[in-house]
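The next block holds one structure in the form of structure tokens; read it before the comments.
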Amino acid sequence: MPAHLTLHDTLTRTDREVTPLDGKTLRFYCCGPTVYGPAHIGNFRTFVAQDVMRRVVEASGTPTLHVRNITDVDDKTIRDSLKAGQSLLEFTQGWTAKFHADCDALNLLRPHTEPSAVAHIPHQIAMIEKLIANGHAYAAADGSVYFRVSSYKDYGKLSHLEDRELRLGASEAASATDSDEYTKDSLTDFALWKARKPEDGANFWPSSWGEGRPGWHLECSAMILEYLGEDFDLHSGGVDLIFPHHENEIAQSCCSTHGKFAHHWMHVAHLMVDGGKMSKSIGNLYTLEDLTKRGYSAVEVRYVLISGHYSTPLNFTMHSLDSARQALQKLAKADKALDRGTAPIPAAPGPFAEAWDTLLKDLNVPGALGSIFGTLNKLKPAALSADESANTRNGLHFMLQALGITLPAIMDEAATDVPAAIQSLAQQRWAAKQAKDWAAADTLRKQLEASGWLIKDSKEGFTVVAK
RNA sequence: GGCGAGGUAGCAAAGUGGUAAUGCACUGGUCUGCAAAACCGGUAUGCGCGGGUUCAAUUCCCGCCCUCGCCUCCA
């Protein structure tokens, strides 16, 4: 695959080719979850988009180094662990396990490295010390440490917020009344280290500025330095992280190292529910479990999440899950029609070259899916020769692998676990049909349907299918 | 107020300076006793509104309306 993925870059606002700085491995970082509860499908939209990005890069022949953090210390994890009567570690490990289970169900490739913030306190402290020594940070009277935004002239270049514009909006009033803010030199300065407070419980660490804990923005910078270095290929996260989180990361990292930090920024738009924002604070969210309880599978959820371009908001509805189910069935049936008994070798897109090209152009998944169906419709799988169908199936599997889609079982397949009573009714109906007693046959079929079973007739006999 | 994204068929969602992919839903036909499945078709003279540029705009430019997000923890 000579072609390379092109991705929109938030910083330069241009589409740029994604190629490794070291010429070998694409090294990228994704902001991971804060583990204080189950992640919702909006969170997963971002992780799934990043997963597709990684899969496409790998399918195009470039190995990756994927780093994604676990935020296991912040206001919420501390608050909720105390509420649950658990240690912070115990509490966050439980939710981390849940997160991993959901990721596996959604067919997300595990990051190569998944560092936790708590496990990297010394790294964060070291970075703060550097920033203070550089004059980019200062310790306040209460033992907190802040980054001096005015010391970094490029601050705001990612979010395109001018210094004087920062916090001039609705937040100004709120910030000014927060007692914390009085210890800062400027309203725009942000915390690198938060001095210990009574509500932190046992969750504090020693430092030369006193006991406390790292600020949220710092962990990513510190762990990126540790695992990816001063310069790396790509950084990704949800759009809401552009400001202030990623802006702060850039400031912290560029002021404490000589590198340029991320060379490419990928931001994933939000998932909407019925036209509105979905978030923990509003409470209109679905977790993966909410949907599986309603009978939907994780693949179906994944399909919905990738069915809109990652850079545009996607509206989630239950109907979209039904739609995804049917689309996946269509793919599974096409795959079956192409199956002539040889195992697929998904090494090249084959007849799906157009879909692959579409995917390489800023990860246009919906465009690629459309192209896959279009190609399938045109090829008519059932009519292909053995060689053609093998080639087509290889290509289909190549595309599915790049998209991370695993085909579901075909729903209309004959059921194997038909209860004896149902089987007997079905037999009776077949007999009635053979006798051309249509009325009786239809009555029996309706009876079976009411019990949740469908009959499919063929010339030689019938099959019973779960409804 | 500042920054950003978006308005395309019933729903969802691509795309293009030359007259609209695809999935779902709906629908006609073949098949079937009738169905189901499968297969073959159909379904936006139209791409928020109004101007402009052009031989030609949904696609470029200008103005306007509306929706959503960020500016505070947030994927």
message = Run the side chain to side chain contact (heavy atoms under 4.5 Å, CB included) test on Val56(A) and Leu360(A) for me, step by step, so that the C-alpha distance in whole Å, both residues' side-chain angles and the decisive distance to 0.1 Å come before the verdict.
response = CA-CA 7 Å; Val56(A) 169; Leu360(A) 287 173; 3.8 Å; yes
query = Phosphate oxygens OP1/OP2 of C24(B): is one of them under 4.0 Å from a side-chain N or O of Lys330(A)?
reply = yes
query = Between Gln326(A) (CD) and A37(B) (P), how many Å, whole number?
reply = 9 Å
Spacing of the P atoms in G48(B) and G42(B) (rounded, Å) = 25 Å
query = For C11(B), does OP1 or OP2 lie under 4.0 Å from any side-chain N or O of Asn315(A)?
reply = no
request  = Please report, rounded to the nearest Å, how far the P atom of U32(B) is from the NZ atom of Lys436(A).
outcome  = 12 Å
request  = Select base, sugar-phosphate, or nothing to describe what Gly42(A) touches, counting heavy atoms under 4.0 Å on all strands.
outcome  = base
ask   = With a 3.5 Å cut-off and just heavy-atom distances, do the side chain of Arg79(A) and the base of C73(B) make a donor-acceptor pair?
value = no
message = By nearest atom, which of the nucleotides C34(B), C73(B), A5(B) is closest to the Pro244(A) side chain?
response = C73(B)
query = Using 30° and 60° as the class limits, which term best fits the ring planes of Tyr227(A) and His120(A): parallel, tilted or perpendicular?
reply = perpendicular
request  = Could you please name the option among G33(B), A5(B), A75(B) that lies closest to any side-chain atom of Lys433(A)?
outcome  = G33(B)
ask   = Between C34(B), C24(B), C70(B), which nucleotide has the shortest distance from any of its atoms to the side chain of Arg445(A)?
value = C34(B)
inquiry  = Closer than 3.5 angstrom, by distance alone: can the side chain of Glu247(A) be matched with the main-chain N or O of Lys157(A) as a donor-acceptor pair?
reply    = yes
query = Does G46(B) pair with anything, Watson-Crick or G-U wobble, both distances under 3.5 Å, and if so, with which nucleotide?
reply = none
request  = Would you indicate what Ile455(A) reaches in the nucleic acid, counting non-hydrogen atoms under 4.0 angstrom: base, sugar-phosphate, or nothing?
outcome  = base
message = From CD of Gln329(A) over to C1' of A36(B), roughly how many Å is that when rounded to an integer?
response = 15 Å
key: Met272(A) side-chain proximity, nearest of G23(B), A38(B), C68(B)   = C68(B)
request  = Please tell me if the side chains of Asp189(A) and Phe147(A) come closer than 4.5 Å, counting only heavy atoms from C-beta onward.
outcome  = no
message = Distance check, P atoms only: C68(B) and C61(B), in whole angstrom units.
response = 26 Å
ask   = With rounding to whole Å, what would you report as the distance between G52(B) and G17(B) at their C1' atoms?
value = 15 Å
inquiry  = Counting only side-chain heavy atoms from C-beta out, which of A75(B), G33(B), A12(B) sits nearest to Leu314(A)?
reply    = A12(B)
query = Quick one: does Thr358(A)'s side chain have a donor or acceptor within less than 3.5 Å of a partner on Ala368(A)'s backbone?
reply = no
task = Measure from NE2 on His246(A) to P on U72(B) and round the result to the nearest Å.
result = 16 Å
ask   = Which atom pair, heavy atoms only, marks the closest approach of Gln124(A) to Ala222(A)?
value = CG-CB, 3.5 Å
key: Separation of atom CG in Leu403(A) from atom P in G23(B), rounded to whole Å   = 15 Å
ask   = Just to confirm, is there a sub-4.0 Å distance from OP1 or OP2 of C31(B) to any side-chain nitrogen or oxygen of Lys456(A)?
value = no
note = Note: for Leu454(A) and Ser311(A) on RNA chain B, the residue whose nearest nucleotide lies more 5' is Ser311(A)
request  = Check every atom of A13(B), C34(B), C24(B) against the side chain of Pro366(A) and return the nucleotide holding the closest atom.
outcome  = A13(B)
ask   = Base, sugar-phosphate, or nothing: which does Lys361(A) touch, judged by heavy atoms less than 4.0 Å apart?
value = sugar-phosphate
request  = Let me know, please, whether His309(A) or Gly238(A) comes out on the 5' side of the other along RNA chain B by nearest nucleotide.
outcome  = His309(A)
key: Opposite nucleotide pairing with G6(B), Watson-Crick or G-U, both atom distances under 3.5 Å   = C66(B)
key: Among C34(B), C24(B), G15(B), the nucleotide that comes nearest once only the side chain of Asn364(A) is considered   = G15(B)
inquiry  = What's the gap between A25(B) and U59(B) when it is taken at their C1' atoms, as a whole Å value?
reply    = 28 Å
inquiry  = In this structure, how many angstroms lie between the P atom of G4(B) and the CG atom of Asp9(A), rounded?
reply    = 15 Å
C1' spacing across the pair U53(B) / C39(B), given as an integer number of angstrom = 48 Å
Pairwise P distance, C3(B) and A20(B) [rounded to whole Å] = 37 Å
Complement of G28(B), any strand, by Watson-Crick or G-U distances under 3.5 angstrom = C40(B)
inquiry  = What's the closest nucleotide to the side chain of Phe243(A) if the choices are A35(B), C40(B), C70(B)?
reply    = C70(B)
ask   = Between Arg302(A) (side chain) and Asn107(A) (backbone), is there a donor-acceptor pair under 3.5 Å?
value = yes
key: Under-3.5 Å donor-acceptor pair between Asp442(A) side chain and G33(B) base   = yes
C1'-based separation of G29(B) from C66(B) [nearest Å] = 43 Å
key: Same-atom distance (C1') from C55(B) to U19(B), integer angstrom   = 14 Å
inquiry  = For Lys197(A), is there an ion pair with Asp142(A) - N to carboxylate O distance below 4.0 angstrom?
reply    = no
Identity of whatever pairs with A12(B) - Watson-Crick or G-U, under 3.5 angstrom = U22(B)
request  = Nearest whole angstrom, please: distance from the P of C34(B) to the CD of Glu449(A).
outcome  = 18 Å
Phosphate OP1/OP2 of C40(B) contacted by Lys380(A) side-chain N/O (<4.0 Å) = yes
ask   = Rounded to whole angstroms, how far apart are NZ on Lys378(A) and P on G23(B)?
value = 13 Å
inquiry  = For G23(B) and Asn377(A) - does any side-chain N or O of the residue sit under 4.0 Å from the phosphate oxygens OP1/OP2?
reply    = yes
task = Could you let me know what C73(B) is paired to, Watson-Crick or G-U wobble, both distances under 3.5 Å, or none if it's on its own?
result = none
key: Watson-Crick or G-U wobble mate for C34(B), both contacts under 3.5 Å   = none
message = Measuring from the side chain of Lys76(A) (C-beta onward, heavy atoms only), which nucleotide among C73(B), C34(B), C70(B) has the closest atom?
response = C73(B)
request  = Using a cut-off of strictly less than 4.0 Å, decide whether Thr312(A) has a side-chain nitrogen or oxygen near OP1 or OP2 of A14(B).
outcome  = yes
key: Nearest-0.5 Å distance that lies between atom SG in Cys30(A) and atom CG in Leu241(A)   = 11.0 Å
note = Answer for the Watson-Crick or wobble partner of U59(B), both distances under 3.5 Å, is none
